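Single-structure report; data block below.
Worth knowing before you read on, the calculation uses all heavy atoms, side chains too, and leaves out hydrogens, waters and symmetry mates. As the structure is a computational prediction, the values presented were derived from the model and not from experiment. Protein chains get the first letters and strands the later ones, always in sequence-line order, with residue 1 at the start of each.
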Amino acid sequence: MTEPATTPSAELGSDPLERLMPSEPTATPVGGALIEVEDVVKHFDIRGGLLGISKLGAVRAVDGVSFKVRRGETLGLVGESGCGKTTLGKVILRLIPATSGQVVVDGKPIFGLSEREMVAVRRDMQIVFQDPYSSLNPRMTVGEIVGEGPYVHGLKSKREREDLVRELLAKVGLNQSHIHRYPHEFSGGQRQRIGIARALALNPEFVVCDEPVSALDVSIQSQVLNLLDDLQQELGLTYLFIAHNLAVVEHISDRVGVMYLGKLVELAPVDGLYNQPAHPYTVALLSAVPETDPRRRKKRLVLRGDVPSPANPPSGCRFHTRCWLRERLGNPERCQTEEPLLREIRPGQEVACHFSEDVTPETIDTATRRLPPVSAEAPVA
Amino acid sequence: MATCSPTSCTASSTPASSTEGSPTERIDPATGTRVAAPVAPEVDEIDLIPVRTYWQLVRQRFLRHRLAVVALFLMLVLVALAVIIPTLTGEGYAKTSLSQTMRPPFTNLAQPLGTNQIGQDMFLRLMKAMQTSLFIGFMAVVIIVAIGVPLGAIAGFFGGKIDNLIMRLVDIVLSLPIFFLIVMIVAFFGKGDAVVVVIAIGLTGWTLACRLVRAEFLRLREADFVQAARALGAGRTRIASRHMLPAALAPVVVASTLGIADSVVTEAALSFLGFGISPPQASLGNMLKNFEEDLLVRPQLLIYPSVTIVLIVLAASFLGDGLRDALDPRQRVEK
Amino acid sequence: MTHSIDLGRGSDGPLLELRNLKTHFFTQDGVVKAVDGVTFSVDDGKTLGVVGESGCGKSVTAMSILRLVGRPGRIVEGEIRVHGRDLVPLSENEIRDVRGNTISMIFQEPMTSLNPVYTCGDQIAETVALHLNLGRKAAMDRAIEMLRLVGIPDPKRRAREYPHQLSGGMRQRVMIAMALSTNPVLLIADEPTTALDVTIQAQILELMKEMRQTNGTAIMLITHDLGVVAEMADDVVVMYAGKVVEMSSVTKIFETPHHPYTKGLLASIPRLGDRRTRLAVIEGTVPNPLNLPTGCLFKRRCPYAMPICDTAPPLQQVAPDHVSRCWLTPEGAAPEVGAAAPPDVAEPAAAALSVGP
């Protein structure tokens, strides 16, 4: 009697994750665009008035952003508070309804789908949150938290779910016997691992990592970053890595996008962005990061003034009120009147600036050396 | 929350030691090369702590409040008395006896609290009164919760126009003078009926529970773990019932215990004014009905119901306090 | 300068000297030794960086200096000397005289450190009036002057505004203005830029540098960000689980770290321009303060751990002006008494090698 050639489970791999939560084969080849973000806009209305229904204005959190995320890559998204990166991440996942635009996942536009249709799509895109203390339901056990996804998607057998959860806990480096514990019994780093296990439970293709290490201790950050890296290799994941720590983003990303006040101002491969930044804001960001070497205390390019309010962004180029390059070029009108669009300045590197060609090591050097006074005063626009 | 501040150095969690593994390699100081580390028996700290469910923690925190524990005990005693004694003695509380009028208290085992001016046993009467009042108190809270919680949940969960609508309804109910409303309802539907009183108090008192639940739902809508559930594909019903409702119930539980006290006092006031329970039915309020006369002639008859009301309210209040701290603790670290 | 407590400005000895400071918290679950025998000093006009992660006790150390630690915590032992004068036995009134006057402090969250119901100008003026004994008008004038000095545009108008009307960076500037308004000799900054965006952080760091230059204020800078330390500090103290594990000048700490924790920390942080594929990692987590290991507190996570680490390691002098709490020799080899010396041999050896508590 000949042995059966392969059992179905062996075909899909003996990985219980694959067996219990088989993922549909993706249509996108490696390197192709898995996620396409098309002119996404998200405005939060500010309401007031007598009954609280009249619209006073809007916070333009995300104001027309377009890019692609290629399968298998890690796209970093950096920017400071108020730039809209977190909002964008949640809008892509449809956790927040967008005001307009479209997101195409694996060839399928998702903004028009009903909630029921979205459920199937959600299996392919998941999220890891920033705060390990609020991202886990304190009233559920680890097993219930990690197993919720599979349960919702049809894995009703308790035994099988537990098997799956154990697998996942092992994958993220947690002790499998902790399946019946509650989140409050774990440290921040461990909770973050639980959050990652939860995100992986549905065997997704795409994971949005929303500042996953910002709330963790420095010595734990590297543990979690390595874990994310390993998981990406092992499971072929695609990441959108949102963070404000430029060094972390440089470390983990293949390509990086820089956001400012709801707009994408630069998008480039990681080496290009960090070595040859094309946008004045990127230059300022890189200059602001403290150098971890006491011998090389750099002079830095300090931006003046505060970030304008997203409810009332400056006209034309949003950065023009604080732009060192504009000042150096004698305050050209164009920055104030015409909004720059993303254009390719070098192969693979896109930037939204009218005068990006003037961002050269010389001009950067001169601007840095000039060192504006420590005033908080923004140049009058 | 990750930083250590002086008053939270104790850390609400007891972080486990490395389950991510202690180093598998070590560096031999003598040679400076990497060698395999001897595997020391790894005592995982987290295993030293018994598994404690969230509710066990709550119970533990509650038991630390001695006053609340005493209050709970007192409440249980009062409820037990109120349930058992009238059931055993039936109509005994209403039995008059012209030969046994105004017997003093503590002199007689048969009538431990003495009798009133028409010979009724005060102890039995008090127990019956407590039963009626507590019944009204508890049942009114049941109605308050039954109306307020779902409305609050819907308002908080959906937000927007629905929320607006429900909140305007709350505003309307609140803008009416509650007490007069209760009086009107009772007067309209018939005096003396406990059920009517319950419904009246319930219909006017649900607003607090509604607001509490709404506030929790609104807050939880933005909570990360709720968004995580949505990202996993959980439907609205599951999110509301499994993730948001258990958290929202905590303040409701606290408000309910205090609501019992509140309802008992309201009932007492109603009955005292003649709009609630009328004799020969006994309630704590109507035992105080003739207070002008009683105060001068037979004050001890006023003491029994008054003290009982105070006991009930105190017990409920301390119980509520204890529950609040147990369910939503701030660190009480004093030794 | 009216400082009623004469802290002998300019007398010999360091500006601030902590000797064997111990601040313990007496909780229901046990005693948490948040600060357990910390000794270091700050010199006039210098900047000391205190580095460590959550639970290491750096914030509690700072709060202890100004006696801001509330129940159930209290200072159980040790000395806090400012120009030789010990602050620990001072009465409540006396220490209040020191706070905001001789020694000022700024915190991480300016929103919660500033009183939301008073204008910014009022808050600074209050400090000034209290400590410098100025009248209302004079105090407000000084407040406005301070706001101008910290680079807030239109300071007269801003002084009349409330904290919530200002951005995070502005609020932190107001805090700095308030702290420096009484010309303190020492400024304690507890994570002053952690809550700020990186470009605003750059502004604040530049501001602090300028202020330090103009006024000659010494700074005790508490942070977990090694980049900030590299940029601002002259000397560095590394803390772990309530103890000082390494202390030296900033260049030595970064170039030749001795303690495995410091080394691990420096190796594990991603740096700009450093595109490695895998970050070095410190395994494990910070020990539970209620369940500390015996001997070296870092031993469970240390790649160099030896049996002798079960005995508390000495605070060794590994180079001039560089101490480290570790059994490894300055060259990084096993100690002379051997890697597996039992406690009865190890303890006296530790006592012999130690240069401090």
For [X], does the [atom1] atom sit with more than 12 other heavy atoms under 6.0 Å from it, leaving out its own atoms?
| X | atom1 | answer |
| --- | --- | --- |
| A:Tyr151 | OH | no |
| B:Lys161 | NZ | no |
| B:Arg211 | CZ | no |

For chain B, the option from [options] that forms the most heavy-atom pairs under 4.5 Å:
| options | value |
| --- | --- |
| A:Gly188, A:Ala199, A:Ser134 | A:Ser134 |
| A:Arg198, A:Met125, A:Gln130, A:Glu115 | A:Arg198 |
| A:Asn137, A:Val121, A:Leu136 | A:Asn137 |

Engaged part of A:Met118 at the chain B interface, taking heavy atoms whose separation is under 4.5 Å:
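Neither part, no heavy atoms under 4.5 Å.
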Which bit of A:Gln176 is near chain B, if near means a heavy-atom gap under 4.5 Å: side chain, backbone, both or neither?
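Answer is neither: A:Gln176 stays 4.5 Å or more from chain B.
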Quick check on the structure: residues of residues 225-246 of chain B within a heavy-atom distance below 4.5 Å of chain A, by number.
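B:Phe225, B:Gln227, B:Ala228, B:Ala229, B:Arg230, B:Ala231, B:Leu232, B:Gly233, B:Ala234, B:Arg238, B:Arg242, B:His243, B:Pro246 fall under the 4.5 Å cut-off.
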